[in-house]
Asker: 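To start, I am sharing the structure in question, which I have written as structure tokens.
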Amino acid sequence: AMLLTEDYQLIEFPSVLLPKGVVLGSVVNIDVGRDRGAEQRQRNEFRELQEQILVDFGTKQPKAPVIRVGHTTQTWTVLEWEPLDLAAAELRSLHLYRDGQRMMQSMPSSLEVANSVLAIKTSGLDVDHEYEFKIEMRTSAGTLFSNAVTIRTHSLENLSGVCVCFGECESQEEIENMKETVKRIGASWADRVSMNVTHFVARYKAGPGCETALRYNIPIVKPDWLLACEANGKLQPAIKYYLD
């Protein structure tokens, strides 16, 4: 609608805002005011948004991974890490370094997985040998390295890294006797199969624990293996005592 002011200025005005019944020649009063309160609220909201963007993307930076040594044996070790803090960045990849060389080690591919498992097992190590490990974390905000940790794999005579889990045996009494053997050789046992278990000891290949051991590629051995370790005073090859 075209409106004509008292000083003959033309104003184009939305007709839907005009009162009902307005026709050619009608006189209408239009009052336009400045809402300073709404202006201030919008300025405050915009300023708060800018400050939040600065906090989220300008001041918070990804933190370097913090790792520590977990369980260690003659040929492998477990490396653990604190939950990764990437701020607003995205995780691109994780890589494991051993003695300064990048390893072809399978690592978590996402932040969710990395903060769920919080550990990896790296194997193929030499007996009674010292290694240095660190983790490289590549993100959308750059690359960060963890602290370096030094481990020494155990000698064959050091059985403190041996951790067994017991499966189906002849009786509970047999299991209790094997636990006493484990204590005498300085090893340990676990109630369920985990990353730290080195051997699964059983008379029969049955039960969920045995299935989990097979999935984790943990040697399933006869109780005679424990007796041989005690008799010889050092770690014995598991292959001679595999449970068929």
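The analysis underlying the following values was restricted to heavy atoms, covering all of them including side chains, and did not include hydrogens, waters or symmetry mates.
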Asker: Hydrophobic cluster mates of V66, side-chain heavy atoms under 4.5 angstrom, ILVMFWY only, any path?
Answerer: none

Asker: For Q172, which residues count as a side chain to side chain donor-acceptor pair (under 3.5 Å) partner, sequence neighbours excluded?
Answerer: E176

Asker: Looking at P208, is its backbone amide N or carbonyl O close enough to the side chain of T212 to form a donor-acceptor pair, meaning the two atoms are under 3.5 Å apart?
Answerer: yes

Asker: V78 and V69: same hydrophobic cluster, using ILVMFWY side-chain contacts below 4.5 Å?
Answerer: no

Asker: What's the shortest heavy-atom distance between E130 and D99, and which atoms?
Answerer: O-OD2, 4.4 Å

Asker: What do you reckon, is CD1 of I11 surrounded by more than 12 foreign heavy atoms closer than 6.0 Å?
Answerer: yes

Asker: Sort out for me which residue in E48, R47, R41 forms a side-chain hydrogen bond (donor to acceptor under 3.5 Å, both in side chains) with N44.
Answerer: R47

Asker: Heavy atoms only: give me the nearest L144-P62 pair and the separation to one decimal.
Answerer: CD1-O, 3.4 Å

Asker: Roughly how far, to the nearest 0.5 Å, is NZ of K222 from NZ of K240?
Answerer: 13.5 Å

Asker: Heavy atoms only: give me the nearest I218-V197 pair and the separation to one decimal.
Answerer: CD1-O, 3.7 Å

Asker: When you group the ILVMFWY residues by side-chain heavy-atom contacts below 4.5 Å and let the links chain together, are L18 and V23 in the same group?
Answerer: no

Asker: CG/L227 to CD/Q236 distance, rounded to the nearest 0.5 angstrom?
Answerer: 11.0 Å

Asker: Give every donor-acceptor pair under 3.5 Å between a side-chain atom in residues 151-169 and any protein atom, sequence neighbours left out.
Answerer:
from	atom 1	to	atom 2	distance (Å)
R152	NE	D128	OD1	3.1
R152	NH2	D128	O	3.4
T153	OG1	D126	O	2.6
T153	OG1	D128	N	2.9
T153	OG1	H129	N	2.7
T153	OG1	H129	O	3.2
S155	OG	N158	N	3.4
N158	OD1	S160	N	3.0
N158	OD1	S160	OG	2.7

Asker: Of the options V149, I120, T72, which is the one that meets T77 in a side chain to side chain contact (heavy atoms under 4.5 Å, CB included)?
Answerer: T72

Asker: Looking only at heavy atoms, which two atoms of N147 and K134 are closest? And how far apart?
Answerer: O-CB, 3.8 Å

Asker: Can you pull out every salt bridge (charged side-chain N to carboxylate O under 4.0 Å, His left out) where at least one residue sits in residues 182-199? Sequence neighbours excluded, please.
Answerer: E180-K183, R184-E230

Asker: Please examine the side chains of M137 and L86, heavy atoms only from C-beta on, and report whether any two atoms are closer than 4.5 Å.
Answerer: yes

Asker: About how many Å separate CG of L226 and CE of M178, when rounded to the nearest 0.5 Å?
Answerer: 7.0 Å

Asker: Rounded to the nearest 0.5 Å, what's the gap from OH on Y241 to NE2 on H199? Could you check?
Answerer: 11.0 Å

Asker: Quick check: do V127 and L235 have side-chain heavy atoms less than 4.5 Å from each other?
Answerer: no

Asker: Counting C-beta onward and ignoring hydrogens, is there a side-chain heavy-atom pair between L118 and W81 closer than 4.5 Å?
Answerer: yes

Asker: Go through the structure and list residues passing side chain to side chain donor-acceptor pair (under 3.5 Å) with E170, not counting sequence neighbours.
Answerer: Y204

Asker: Just how far is it from atom CZ of R138 to atom CG of L91, taken to the nearest 0.5 Å?
Answerer: 11.5 Å

Asker: So which atom in M107 and which in I135 form the shortest heavy-atom distance, rounded to 0.1 Å?
Answerer: CE-CD1, 4.1 Å

Asker: side-chain hydrogen bond (donor to acceptor under 3.5 Å, both in side chains) for D7 and T5? Distances and angles first, verdict last.
Answerer: CA-CA 5 Å; D7 55 352; T5 67; 2.3 Å; yes

Asker: For L4 and L10, run side chain to side chain contact (heavy atoms under 4.5 Å, CB included): C-alpha distance rounded to whole Å, both residues' side-chain angles, the deciding distance at 0.1 Å, then the answer.
Answerer: CA-CA 5 Å; L4 185 65; L10 283 175; 4.0 Å; yes

Asker: Report, as yes or no, whether the 6.0 Å neighbourhood of atom CD on E173 holds more than 12 heavy atoms from other residues, nucleotides or ligands.
Answerer: no

Asker: Can you sort out the partners of F145 under ring pair (Phe, Tyr, Trp, His ring centres under 6.0 Å), two or more places apart, ordered by chain and number?
Answerer: Y97

Asker: Could I get the full list of ring pair (Phe, Tyr, Trp, His ring centres under 6.0 Å) partners for H71, not counting sequence neighbours?
Answerer: W76

Asker: So, does K179 use its side chain to make a donor-acceptor pair with the main chain of W189 at under 3.5 Å?
Answerer: no

Asker: Which pairs with one or both residues in residues 17-32 pass salt bridge (charged side-chain N to carboxylate O under 4.0 Å, His left out), sequence neighbours excluded?
Answerer: none

Asker: Flag yes if M2 and Y8 sit in one hydrophobic cluster, no otherwise; membership is Ile, Leu, Val, Met, Phe, Trp, Tyr, and two members link when side-chain heavy atoms are under 4.5 Å apart.
Answerer: yes

Asker: Can you tell me how far apart NZ (K121) and CE (M195) are? Round to the nearest 0.5 Å.
Answerer: 7.0 Å

Asker: Determine which pairs satisfy salt bridge (charged side-chain N to carboxylate O under 4.0 Å, His left out) with at least one residue from residues 63-72, sequence neighbours left out, and list them in order.
Answerer: K63-D85, R68-E80, R68-E82

Asker: Answer with yes or no whether the hydrophobic clustering places I239 together with W225; edges join I, L, V, M, F, W, Y residues whose side-chain heavy atoms lie under 4.5 Å apart.
Answerer: yes

Asker: With sequence neighbours left out, write down each residue that passes side chain to side chain donor-acceptor pair (under 3.5 Å) with R36, or none if nothing qualifies.
Answerer: none

Asker: Output, in order, the C-alpha distance, side-chain angles, deciding distance and verdict of side chain to side chain contact (heavy atoms under 4.5 Å, CB included) for V221 and Y242.
Answerer: CA-CA 4 Å; V221 296; Y242 279 162; 4.2 Å; yes

Asker: Does a side-chain heavy-atom distance below 4.5 Å link S123 with T75?
Answerer: no

Asker: Which heavy atom in P65 sits nearest to a heavy atom in L84, and how many Å separate them?
Answerer: CB-CD2, 4.0 Å

Asker: With sequence neighbours left out, what residues match E132 under side chain to side chain donor-acceptor pair (under 3.5 Å)?
Answerer: none

Asker: Only pairs at least two apart or in different chains count here, so list each salt bridge (charged side-chain N to carboxylate O under 4.0 Å, His left out) that has a residue in residues 195-220.
Answerer: E174-R203

Asker: So, Q40 and R43: side-chain donor and acceptor under 3.5 Å apart, yes or no?
Answerer: yes

Asker: Decide whether I30 and L17 are clustered together by the hydrophobic rule: side chain heavy atoms of Ile, Leu, Val, Met, Phe, Trp, Tyr closer than 4.5 Å, transitively.
Answerer: yes

